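Throughout, protein chains are lettered first and strands after them, A, B, ... in sequence-line order, and every chain is numbered starting at 1. Note that the coordinates shown come from a computational prediction; the quantities given were computed from them, not determined experimentally.
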There are 2 protein chains.
Amino acid sequence: MFELPTTIPIQVNSNLYLKDPNSSDLGVKIVAKSIDMINAIGYEEFTIRKLAQAINSTEASVYRYFESKQKLLLYLISWYWSWMEYRLVFATTNISSAKVKLERAICLITDKIDVDEKYNYINLKKLNSIAFTESTKSFLHKEVDKENKIGAYSEYKNFVEKVSDLVLEFNPKYKYPNMLISTVIEGAHLQHHFTDHLPRLTNASSNDNHIQQFFTDLVFKSIITTKK
Amino acid sequence: MFELPTTIPIQVNSNLYLKDPNSSDLGVKIVAKSIDMINAIGYEEFTIRKLAQAINSTEASVYRYFESKQKLLLYLISWYWSWMEYRLVFATTNISSAKVKLERAICLITDKIDVDEKYNYINLKKLNSIAFTESTKSFLHKEVDKENKIGAYSEYKNFVEKVSDLVLEFNPKYKYPNMLISTVIEGAHLQHHFTDHLPRLTNASSNDNHIQQFFTDLVFKSIITTKK
DNA sequence: GCATTTATGATAGTATTGCTATTATATTTG
DNA sequence: CAAATATAATAGCAATACTATCATAAATGC
């Protein structure tokens, strides 16, 4: 894969934290360990108390960085999309073909990370896994409008917008670029989950790359210009 | 829409309840009121205590019907898919064209119910709304395998299978019918949510039927046989 | 019509959760 | 070396999911 220069920081909307976790050891531990734990036990079972114990700190200290468990999740997901946007730029610069750029974007979206790489202290494989299974929980609830107002989903929306632009570059007349890309993103996440747990809902297995093939096929067949 | 004979019961896997809610007044009240409440305040804010108070009963009594809040949700979602399968049969019987059958199935999947109709005591509009926003919560957690074992998702899988069969009837060589249909189902749910709350992720608005059009277009372009 | 089963209500309780408040103690900074 | 800041320690609160116990009402069988 790509070697990202780890000096360039991934930006996350500052409304999602009370105190920047990058600014201290404790902040770093909170983020790193929460990724470990959410990945291991899932968002529902994950608690701030368990997190605090795991890093030899206290609940009160964690709450000085993140005002709620939900905000911590939003922070992680936002970080993920910010990083994905970064990867997208790397995967598409200096490439002229709109088709190739879009193909690469779809791979980025649909492939699970299977190497245990890190970006600074962030375990990317685990964060990727969290994004796949927990990200819908960041917007499928009654607080979505309130959180949207403070910009909690901007990184996600920016990413969708950028890939949608690639769709329009390929076919400027296609009517539903954003729907298509958000469908591919959320669909790919779910298909991975189904492959692991509800295989009757898929036609993929964990040792092929049918999910990537399916969505690539889906996108290009949808946006290709056909003469009538 | 169709007039369904309300005498034919919708079957739900009996592992999802301790005591059949159809067998008593209290059971009926539990199910009817939980649909009202989950629709109104969302699954997270919904509690068994609030439900019990709303129907002038007690928590302990509710727990005699459903062993957990999660099982109650699974019951509602299963009921929904059982009902959807029923609607699918009605929408496709006596129709010979595979294309028309599939078109009708996609409408069934992608359209939100906007008439306040009931099936016995079940408010279908509200249940439909719950299925759209809460159903991923029934399988996106660490207990999914355990619940799958007791058949919690059979109605969902059966429905997907039936629509996938229509895909294969249209094009027997298409490789990913189940992935396509589960993607359309979950994708349509999300697109409706995005339309209402995160419109930058869509190209639809609440007063058009772009979601239906988008997914119909997506499906047929994906499965159409083209000569090379 | 009476005994017995069954369904519900009333009440209480447990462990855990998300989150807050207060105070003490380190550590950094000026 | 004083003052500001960050963290830990401890306690607590209201709410949650869920359980246990017992009393009472209603339905059922004979």
Side-chain angles (χ1 to χ4, degrees), chain A residues 14-34 37-38 40-76 134 137-138 141-143 146-147 150 152, chain B residues 14-34 37-38 40-76 134 137-138 141-143 146-147 150 152:
Chain A
S14 64
N15 289 320
L16 298 180
Y17 51 80
L18 297 170
K19 187 177 169 180
D20 187 352
N22 282 305
S23 68
S24 75
D25 276 8
L26 182 60
V28 164
K29 277 203 247 172
I30 289 170
V31 170
K33 198 74 194 179
S34 67
M37 293 185 80
I38 296 176
I41 61 177
Y43 181 69
E44 286 80 11
E45 284 298 304
F46 168 78
T47 72
I48 303 290
R49 193 160 297 175
K50 288 177 190 166
L51 169 65
Q53 275 162 7
I55 58 175
N56 287 311
S57 181
T58 64
E59 278 185 275
S61 297
V62 175
Y63 278 109
R64 259 178 232 116
Y65 286 82
F66 295 100
E67 76 181 59
S68 66
K69 179 181 161 180
Q70 175 71 8
K71 284 270 160 64
L72 174 51
L73 177 66
L74 283 167
Y75 178 89
L76 297 179
E134 316 288 358
K137 294 168 194 170
S138 70
H141 51 66
K142 298 278 172 184
E143 302 296 306
K146 210 200 279 178
E147 280 163 358
I150 63 160
Chain B
S14 63
N15 290 321
L16 298 180
Y17 50 81
L18 297 170
K19 187 176 169 182
D20 187 353
N22 282 305
S23 68
S24 74
D25 276 7
L26 181 61
V28 164
K29 276 202 249 174
I30 289 170
V31 171
K33 199 72 193 180
S34 67
M37 293 184 80
I38 296 176
I41 62 177
Y43 180 70
E44 286 80 11
E45 284 297 304
F46 168 77
T47 73
I48 303 290
R49 191 161 299 172
K50 287 177 190 166
L51 170 64
Q53 275 162 6
I55 58 174
N56 286 310
S57 181
T58 64
E59 278 185 275
S61 298
V62 174
Y63 278 109
R64 265 179 222 115
Y65 285 82
F66 296 99
E67 77 181 59
S68 67
K69 180 179 160 180
Q70 175 72 6
K71 284 270 162 63
L72 173 51
L73 178 65
L74 284 167
Y75 177 90
L76 297 180
E134 316 287 359
K137 295 168 194 170
S138 69
H141 50 67
K142 298 278 172 184
E143 301 296 306
K146 210 200 281 178
E147 280 162 359
I150 62 159

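Phosphate contact (OP1/OP2 of D/dA20, side-chain N/O of B/Tyr63, threshold under 4.0 Å): absent. Contact check, B/Thr58 against C/dA10: no side-chain N or O comes under 4.0 Å of OP1 or OP2. OP1 and OP2 of D/dA6 both lie 4.0 Å or more from every side-chain N or O belonging to A/Tyr65. Contact annotation: B/Ser57 side-chain N/O to C/dG9 OP1/OP2 distance is under 4.0 Å.
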Taking it one step at a time, do A/Phe66 and A/Ser34 satisfy side-chain contact (heavy atoms from CB on, under 4.5 Å)?
CA-CA 12 Å; A/Phe66 295 100; A/Ser34 67; over 6 Å; no

Take B/Glu44 and A/Lys142 through the salt bridge (charged side-chain N to carboxylate O under 4.0 Å, His left out) test and state the conclusion after the steps.
CA-CA 9 Å; B/Glu44 286 80 11; A/Lys142 298 278 172 184; over 6 Å; no

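Within the 4.0 angstrom heavy-atom criterion, no nucleotide atom of any strand lies near A/Lys29. Within the 4.0 angstrom heavy-atom criterion, only backbone atoms of the sugar-phosphate kind lie near B/Phe46; the bases stay farther away. When heavy atoms are screened at a 4.0 angstrom cut-off, B/Asp25 is found touching no nucleic acid atom at all.
Taking atom CG of A/Leu51 as the reference point, atom C1' of C/dT17 lies 14 Å away to the nearest angstrom. The separation between A/Lys50 atom NZ and C/dG18 atom P is 8 Å, rounded to whole Å. Across the protein-nucleic acid pair, A/Leu18 atom CG and D/dT5 atom P stand 17 Å apart, rounded to whole Å. Distance A/Gln53 CD to D/dA8 C1': 14 Å, rounded to the nearest Å. Taking atom OH of residue B/Tyr17 and atom C1' of nucleotide C/dA7, one finds them 17 Å apart after rounding to whole Å. Rounding to whole angstrom units, CE of residue B/Met37 and P of D/dT16 are separated by 10 Å. In this structure, B/Ile55 places its CD1 atom 12 Å from P of C/dA10, rounding to the nearest Å. Put simply, CD on B/Glu45 is 14 Å from C1' on D/dA14, counting in whole angstrom units.
Listed nucleotides: D/dA17, C/dT17, C/dC19. Nearest to the side chain of B/Lys69: D/dA17. Listed nucleotides: C/dT20, D/dT7, D/dC18. Nearest to the side chain of A/Lys19: D/dT7. The side chain of A/Arg49 lies closest to D/dG12, out of D/dA9, C/dG9, D/dG12. Proximity note for B/Ala60 (side chain, C-beta onward) versus D/dA17, C/dA10, D/dA8: the nearest is C/dA10. For B/Ser61, taking side-chain heavy atoms from C-beta onward, the closest of the listed nucleotides D/dT7, D/dA20, C/dT8 is C/dT8. Considering only the side chain of B/Arg64, C/dA10 comes nearest among D/dT16, D/dA8, C/dA10.
The side-chain heavy atoms of B/Lys33 and B/Val62, taken from C-beta on, include no pair separated by under 4.5 Å.
Residue A/Tyr43 is tested with A/Gln70, A/Lys137, A/Glu134 for a side-chain hydrogen bond (donor to acceptor under 3.5 Å, both in side chains); the sole match is A/Gln70.
Looking at which nucleotide of DNA chain C each of B/Leu26 and B/Glu59 is closest to, the 5′-most match is held by B/Leu26.
A/Lys69 contributes atom NZ, which lies 8.0 Å from atom CD1 of A/Ile38 (distance to the nearest 0.5 angstrom).
B/Ser68 and B/Tyr63 get closest at one heavy-atom pair: CA-CE2, 4.1 Å.
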